[in-house]
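Index from 1, following the sequence. Quick caveat: nothing in here was measured; it's all calculated off a predicted structure.
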Amino acid sequence: MTGRVLAVVHLGRPQGRGEVARVASWRAIAAAAGLSVVEIPLLAPDGRPHPAGARPRDAVDLAAGRVVPESLAWSTAAATAKARETAPAAVVAVTARAFTPALVGVAPVTILDLVDRLSHSYRDRAAITTSRSGALGFSALGRAHARFERHLPAGVVLVAAGWSDAQELGAAFVPNVLAVEAPLPGRSPDHDVLFFGTLDYPPNVAGLRTLAGAWEAVLAQRPGTKLLVAGARPSAEVVALAAHHGWTLLGEYRDVSALAGRARIAVAPLPYASGIQNKVLEAAALGLPQVVSPAVAAGLPPDFPVRVADERELASAVVALVAQGSDQGAAGREYVAARFSPQGWSGWLLSSVGSATR
């Protein structure tokens with residue numbers, strides 16, 4: 001398999017749904033390009049760090065902004081040795097947290113997948129959390145990642161999953177990919193609006209808080225509008241919001257297509273968002289028209305067919321789209337099929353890896 005392997009270095013957190021989706025995306029693109037993937041998780045299966053085996057050089061790199069603090073939790077030597085054993089055509093480090101300068105040179109091509117601006121993600125988490133110690137910790141991590149992003153390593157291919165993040169970081173836009181199944185699943189909506197995602201994730205909770213602030217106006221314009229909220233681990237605040245507003249609260253779901261069939265439109269009014277929102281891609285692939293916040297829209301190409309609305313416009317946008325959203329849903333499905341398929345990005349990967357695969 002020499003020269004036909006893509007080594008993907010990632011944290012390996014099973015609970016990190018965004019990371020799981022990103023690694024799956026790399027797998028799909030590589031398969032479409034005819035490459036094998038070897039994953040190199042940096043955490044043990046129970047989620048605990050492997051012995052770090054930190055070297056003095058790691059501290060020097062951290063002080064210089066060449067690595068981020070989280071990278072000190074895993075062994076640089078062990079990760080690079082595992083990557084080298086695969087004789088890869090390229091190594092991909094998924095987020096700055098999985099990157100070390102020692103990975104450069106392990107393969108002919110090193111790809112640093114920044115995914116999004118983690119400096120902004122940590123800043124947003126600091127603003128959302130109610131814990132003072134948590135806010136201080138997130139702020140410190142945000143500053144460390146901002147320093148890293150100002151001195152991105154030379155000699156590597158930089159990519160990001162979010163559109164605006166790629167522009168800001170000077171990276172190539174490589175989104176998460178997914179296959180659009182045909183035919184379109186049947187829809188028998190018993191609700192008007194759908195919100196889905198992990199329901200203890202602070203940006204999702206903040207999004208439902210925003211939606212709650214607009215819900216009275218939604219009902220004033222369209223009495224009887226029904227909202228379905230679905231996802232794992234609903235926080236106490238989400239449970240209280242659903243009970244107060246009469247929303248249907250559904251636990252963890254297995255089939256996104258069946259879930260999408262229960263609503264006329266989807267919403268993602270997150271005031272804080274980073275990278276590209278998988279829920280938006282999934283809903284678009286299933287033909288659901290969508291209203292999203294400006295923060296969510298920033299992760300999408302400018303011509304992605306969604307309706308963008310801030311807090312002041314949210315209620316009117318939801319009501320209007322419930323009434324007339326079918327055209328947008330079809331356009332979104334066609335857009336994802338054309339622009340977000342694994343086959344569509346396989347050529348980019350092969351051109352980036354180049355002669356190393358020949």
> What's the verdict on side chain to side chain contact (heavy atoms under 4.5 Å, CB included) for R262 and L250, showing C-alpha distance, side-chain angles and the deciding distance?
CA-CA 12 Å; R262 298 187 59 183; L250 180 69; 4.1 Å; yes

> Please report the shortest heavy-atom distance between A317 and V291, naming the atom on each side.
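Closest approach of A317 to V291, heavy atoms only: O-CG2, 3.9 Å.
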
> For A338, does its backbone N or O pair with a side-chain atom of S341 as donor and acceptor, under 3.5 Å?
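Checking the backbone N and O of A338 against the side chain of S341, no donor-acceptor pair under 3.5 Å is found.
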
> In the structure I gave you, are the side-chain heavy atoms of F195 and W247 within less than 4.5 Å of one another anywhere?
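SC-SC contact between F195 and W247 ruled out.
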
> Any side-chain heavy atom of L141 within less than 4.5 Å of one from V68?
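Counting from C-beta outward, L141 and V68 never come under 4.5 Å.
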
> For G347, does its backbone N or O pair with a side-chain atom of S351 as donor and acceptor, under 3.5 Å?
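Flag set: sc S351 to bb G347 pair under 3.5 Å.
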
> Examine L118 and V296 and state if one hydrophobic cluster contains both, with Ile, Leu, Val, Met, Phe, Trp and Tyr joined whenever side-chain heavy atoms are less than 4.5 Å apart.
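Per the 4.5 Å side-chain linkage, L118 and V296 are not co-clustered.
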
> Taking the side chain as everything from C-beta on, heavy atoms only, tell me whether R123 gets closer than 4.5 Å to F138.
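In short, these two side chains do not touch, never coming nearer than 4.5 Å.
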
> Taking the side chain as every heavy atom from C-beta outward, state whether V193 and K226 have any atom pair closer than 4.5 Å.
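Contact flag for V193/K226 side chains = no.
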
> Quick one: do the T210 and E311 side chains pair a donor with an acceptor below 3.5 Å?
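No pair is found: no donor N or O on one side chain lies under 3.5 Å from an acceptor on the other.
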
> Is it the case that the side chain of T110 and the backbone of V91 share a donor-acceptor pair, with hydrogens and angles ignored and the cut-off at 3.5 Å?
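Side chain of T110 to backbone of V91: no pair is present.
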
> Are W26 and V20 in one and the same hydrophobic cluster, where Ile, Leu, Val, Met, Phe, Trp and Tyr link if side-chain heavy atoms are under 4.5 Å apart?
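The answer is no; the residues belong to distinct hydrophobic clusters.
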
> Hey, could you give me the CH2/CD1 distance between W348 and I29, rounded to the nearest 0.5 Å?
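Rounded to the nearest 0.5 Å, the CH2-CD1 separation comes out at 7.5 Å.
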
> Assess whether salt bridge (Lys or Arg N to Asp or Glu O under 4.0 Å) is satisfied between R264 and D190, documenting all intermediate values.
CA-CA 9 Å; R264 292 179 172 82; D190 53 9; over 6 Å; no

> Working to the nearest 0.5 angstrom, can you tell me the gap between I40 CD1 and H10 NE2?
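If we round to the nearest 0.5 Å, I40:CD1 and H10:NE2 are 8.5 Å apart.
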
> Test side chain to side chain contact (heavy atoms under 4.5 Å, CB included) on H191 and T248; report intermediate values, then the result.
CA-CA 9 Å; H191 289 74; T248 301; 2.8 Å; yes

> Supply the atom-to-atom distance R233 CZ to N204 CG, rounded to the nearest 0.5 angstrom.
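Going from the CZ atom of R233 to the CG atom of N204 covers 10.5 Å.
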
> Would you say L152 ends up clustered with V157 if hydrophobic residues are merged whenever their side chains have heavy atoms under 4.5 Å apart, either directly or through other cluster members?
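Not linked; separate clusters.
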
> If you compare all heavy atoms of A320 against all heavy atoms of R307, which two are closest, and at what distance to 0.1 Å?
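Closest heavy-atom pair between A320 and R307: CB-NH1, 3.5 Å.
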
> Roughly how far, to the nearest 0.5 Å, is the CD1 atom of I111 from the CG atom of L6?
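Separation between the atoms: 6.0 Å.
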
> Dump the intermediate steps for salt bridge (Lys or Arg N to Asp or Glu O under 4.0 Å) on D192 and R222, then the final yes or no.
CA-CA 11 Å; D192 301 294; R222 190 179 187 275; 3.2 Å; yes

> What heavy-atom pair brings R339 and P301 nearest, and what distance separates the two atoms?
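It is NH2-CB, 4.2 Å.
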
> Between atom CD of Q221 and atom OG of S316, what is the distance when rounded to the nearest 0.5 Å?
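OG of S316 is found 4.0 Å from CD of Q221.
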
> Would you check if N176 and R22 make a side-chain contact, meaning some heavy-atom pair closer than 4.5 Å?
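When only atoms from C-beta onward are counted, R22 and N176 do touch, with a gap below 4.5 Å.
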
> Which pair of heavy atoms, one from L199 and one from P234, lies closest together, and at what distance?
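Looks like CB-CA, 3.4 Å.
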
> Does any part of the side chain of F99, heavy atoms only, come nearer than 4.5 Å to the side chain of V104, both counted from C-beta?
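Sidechains of F99 and V104: in contact.
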
> Heavy-atom distance under 4.5 Å between the side chains of L62 and P69, does that happen here?
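With C-beta onward as the side chain, the pair touches.
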
> Take L35 and V5 through the test side chain to side chain contact (heavy atoms under 4.5 Å, CB included) and record every step on the way to the result.
CA-CA 6 Å; L35 303 181; V5 172; over 6 Å; no

> Would you please say whether a donor-acceptor pair under 3.5 Å links the side chains of S274 and H120?
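There is no such pair between these side chains.
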
> Are L114 and W345 connected in a single hydrophobic cluster, I mean Ile/Leu/Val/Met/Phe/Trp/Tyr linked by side-chain heavy atoms less than 4.5 Å apart?
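No: no chain of side-chain contacts under 4.5 Å links W345 to L114.
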
> Between the side chain of E19 and the main-chain N/O of L11, is any donor-acceptor distance below 3.5 Å?
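The answer is yes, because a donor-acceptor pair under 3.5 Å joins these two groups.
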
> Minimum heavy-atom separation for P271 to P203, with atom names?
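Taking every non-hydrogen atom into account, CD-O, 4.4 Å.
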
> What closest approach, in Å, do L288 and A266 show between heavy atoms, and which atom pair accounts for it?
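The answer is CD1-CB, 3.9 Å.
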
> Given side chain to side chain contact (heavy atoms under 4.5 Å, CB included), test T225 with L219 step by step and report yes or no.
CA-CA 6 Å; T225 300; L219 295 179; 4.1 Å; yes

> Side chains of S131 and T129: is there a donor and an acceptor less than 3.5 Å apart?
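There is no such pair between these side chains.
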
> Is any side-chain heavy atom of V9 less than 4.5 Å from a side-chain heavy atom of E39?
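No, too far: nothing below the 4.5 Å cut-off.
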
> Is it true that Y122 and V205 fall in one hydrophobic cluster, defined by side-chain heavy atoms closer than 4.5 Å?
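Per the 4.5 Å side-chain linkage, Y122 and V205 are not co-clustered.
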
> S235 and D200: side-chain donor and acceptor closer than 3.5 Å?
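Distance-only check fails for S235 and D200.
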
> Please confirm whether the backbone N or O of L136 pairs with a side-chain atom of S139, one donor and one acceptor, at under 3.5 Å?
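No, S139 side chain to L136 backbone: no donor-acceptor pair under 3.5 Å.
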
> Has the side chain of Q324 got a donor or acceptor atom that lies under 3.5 Å from a matching backbone atom of L321?
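Absent.
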
> To the closest 0.5 Å, what do you measure between CD1 (I265) and CG (L194)?
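Interatomic distance, I265 CD1 to L194 CG, rounded to 0.5 Å: 9.5 Å.
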
> Does R66 have any salt bridge (Lys or Arg N to Asp or Glu O under 4.0 Å) partners at least two apart in sequence or in another chain, and if so, which?
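Per chain and number, R66 pairs via salt bridge (Lys or Arg N to Asp or Glu O under 4.0 Å) with D61.
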
> Kindly list each side-chain donor-acceptor pair under 3.5 angstrom involving residues 158-169, sequence neighbours excluded, with atom names and distances?
{"unit_1": "S164", "atom_1": "OG", "unit_2": "A298", "atom_2": "O", "d": "3.0"}
{"unit_1": "D165", "atom_1": "OD1", "unit_2": "R117", "atom_2": "N", "d": "3.3"}
{"unit_1": "D165", "atom_1": "OD1", "unit_2": "R117", "atom_2": "NE", "d": "2.9"}
{"unit_1": "D165", "atom_1": "OD2", "unit_2": "G275", "atom_2": "N", "d": "3.1"}
{"unit_1": "Q167", "atom_1": "NE2", "unit_2": "W163", "atom_2": "O", "d": "3.4"}

